[in-house]
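The next block holds one structure in the form of structure tokens; read it before the comments.
Fair warning: this is a prediction, and the values are worked out from it, not measured in the lab.
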Amino acid sequence: MANDNTTTTLYITRHGQTHWNAERRMQGHANSDLTELGTQQATWLRDAVQDVDFAAIYASPSTRAYHTAEIIRGQRTQPVIPCDELKEIGLGSWEGQLVSEIKQQHPTEYFAFWHAPQEYQALNGGETFAQVSERALPKVNALIELHTGQTILLVTHAVTLKTIVSSFEDRPLARLWEPPVIHPTSLTKIVIENGVARIALYADVSHHEIKPSSPQLEKSAQGRSV
């Protein structure tokens, strides 16, 4: 879409599937490389947005997100700008652990993480959902101001993306995990016109050639590793 001086457009996506997603391990700030499918997902999104004129591309510096952003950039010449504020929620001692192990060893905290995020206390040494909001939202607002009248791409993670979009729709933290699910490289588009934000797309996967209902993608969806 062509922007004028009062229209700013944010495209936001999650990284492609990683080996830890496929193994159902929690990632957080720790790194796990893209799988072959994850690379393909990023390529599908690259092709879907190839005609979008991005003024800038920002990405979490985590390998999985930064690599995804490099693939989506395609033939564009601008650099991918690393942005610490776009990192995933820190998961402390949970990082690298199997979801099944965490669920068994920390059932109360695990339940809060997925079903009562407003009560999650991050006893594992990581971050709370509120802390993710406190670091991510000011940066996103600053980028909106910096790129007023332009279109930018943010490549981030499931919790961080949910947090950002929830702020635009005034969704309370208790409802953070309500649908839609943030599948790998699903695309969200937020259009801000005259200071009013509109969610034009939310977690769209129409560009996926293998749809998220398939067993391959179900493992890397919200159920359950980030």
Side-chain angles (χ1 to χ4, degrees), residues 12-39 41 59-68 83-137 155-167 171-186 203 205 212-226:
I12 314 175
T13 190
R14 180 190 177 193
H15 58 81
Q17 184 201 59
T18 70
H19 290 285
W20 282 6
N21 286 146
E23 295 169 6
R24 292 174 57 81
R25 294 182 185 273
M26 293 293 246
Q27 297 179 116
H29 287 178
N31 285 316
S32 176
D33 291 336
L34 299 181
T35 61
E36 182 178 350
L37 175 59
T39 299
Q41 291 165 339
S60 158
S62 296
T63 302
R64 59 194 186 275
Y66 198 86
H67 186 196
T68 298
C83 185
D84 283 343
E85 293 87 348
L86 295 179
K87 282 184 177 180
E88 182 57 292
I89 186 171
L91 293 171
S93 62
W94 286 7
E95 294 180 1
Q97 286 195 48
L98 290 168
V99 168
S100 59
E101 295 172 343
I102 297 169
K103 186 175 182 179
Q104 182 178 22
Q105 296 169 10
H106 308 280
T108 301
E109 193 174 8
Y110 177 85
F111 180 87
F113 186 92
W114 290 111
H115 300 284
Q118 75 281 10
E119 299 176 8
Y120 175 72
Q121 297 181 23
L123 300 179
N124 54 24
E127 294 178 287
T128 64
F129 289 88
Q131 287 172 324
V132 175
S133 178
E134 288 164 5
R135 67 165 158 85
L137 297 184
V155 183
T156 183
H157 307 264
V159 172
T160 310
L161 195 156
K162 273 283 190 181
T163 299
I164 293 168
V165 181
S166 291
S167 73
R171 182 189 295 215
L173 182 55
R175 296 175 49 213
L176 182 78
W177 287 122
E178 290 183 6
V181 171
I182 306 300
H183 290 284
T185 73
S186 61
V205 291
S213 58
S214 74
Q216 285 178 284
L217 289 185
E218 282 302 320
K219 287 185 178 180
S220 61
Q222 179 190 320
R224 301 274 197 185
S225 70
V226 297

*Any chance you could measure Leu98, atom CG, to Gln104, atom CD, to the nearest 0.5 Å?*
11.0 Å

*asked:* List the residues meeting side chain to side chain donor-acceptor pair (under 3.5 Å) with Ser133, not counting sequence neighbours, and say none if there are none.
replied: none

_Any side-chain heavy-atom pair of Arg135 and Lys87 under 4.5 Å_ = yes

_Residue pair Pro117 / Phe129: nearest heavy atoms and the distance that separates them_ = O-CD1, 3.5 Å

*Passing candidate, side-chain hydrogen bond (donor to acceptor under 3.5 Å, both in side chains) with Thr18, options His67, Gln27, Arg64*: Gln27

*Give a yes-or-no answer on whether the side chains of Ser93 and Asn124 include a donor-acceptor pair shorter than 3.5 Å.*
no

*Side-chain touch Val132/Thr160, heavy atoms, less than 4.5 angstrom*: yes

*Is the backbone of Pro184 close enough, under 3.5 Å, to the side chain of Gln17 for a donor and an acceptor to pair up by distance?*
no

*Just jot down the side chain to side chain donor-acceptor pair (under 3.5 Å) partners of Ser60, sequence neighbours excluded, or say none.*
Ser62, His157

*Residues two or more places apart in sequence or in another chain: which of them pass side-chain contact (heavy atoms from CB on, under 4.5 Å) with Ser167?*
Leu137

*Indicate the atoms forming the closest heavy-atom contact of Thr13 with Ser186, along with that distance.*
OG1-O, 2.8 Å

*Is a side-chain donor or acceptor of Arg25 paired with a backbone partner of Gly96 at a separation under 3.5 angstrom?*
yes

*Can you list every salt bridge (charged side-chain N to carboxylate O under 4.0 Å, His left out) pair that touches residues 88-109, not counting sequence neighbours?*
none

*Indicate the atoms forming the closest heavy-atom contact of Ala65 with Ala59, along with that distance.*
O-CB, 4.2 Å

*Fit a plane to each ring of His106 and Trp94, take the angle between them on a 0 to 90° scale, and name the class: parallel (under 30°), tilted (30 to 60°) or perpendicular (over 60°).*
tilted

*Sequence neighbours excluded, which residues qualify as side-chain contact (heavy atoms from CB on, under 4.5 Å) partners of Gln131?*
Glu127, Thr128, Glu134

*What is the minimum heavy-atom distance between Ala158 and Val226, and which atoms define it?*
CB-CG1, 4.2 Å

_Could you check whether any side-chain heavy atom of Thr35 comes within less than 4.5 Å of a side-chain heavy atom of Asn21, counting everything from C-beta outward?_
no

*Taking the six-membered ring for Trp, are Phe113 and Trp177 parallel (under 30°), tilted (30 to 60°) or perpendicular (over 60°)?*
tilted

_According to side-chain contact (heavy atoms from CB on, under 4.5 Å), who are the partners of Arg171, at least two apart in sequence or on a separate chain?_
Lys162, Ser166, Glu169, Arg175, Glu178, Pro180, Tyr202

*If you round to the nearest 0.5 Å, how far is CZ of Arg24 from CD of Gln97?*
14.0 Å

*Val155 and side-chain contact (heavy atoms from CB on, under 4.5 Å): which partner among Leu86, Thr68, Ile12?*
Thr68

*Check: Thr185 side chain, His15 main-chain N or O, donor-acceptor pair, under 3.5 Å*: no

*Kindly state each residue pair satisfying salt bridge (charged side-chain N to carboxylate O under 4.0 Å, His left out) with at least one member in residues 113-125, sequence neighbours excluded.*
none

*Going from CG on Leu176 to NE2 on His115, what distance comes out if it is rounded to the nearest 0.5 angstrom?*
13.0 Å

*Of all the heavy-atom pairs spanning Trp114 and Ser225, show the shortest one and how long it is.*
CZ2-N, 4.0 Å

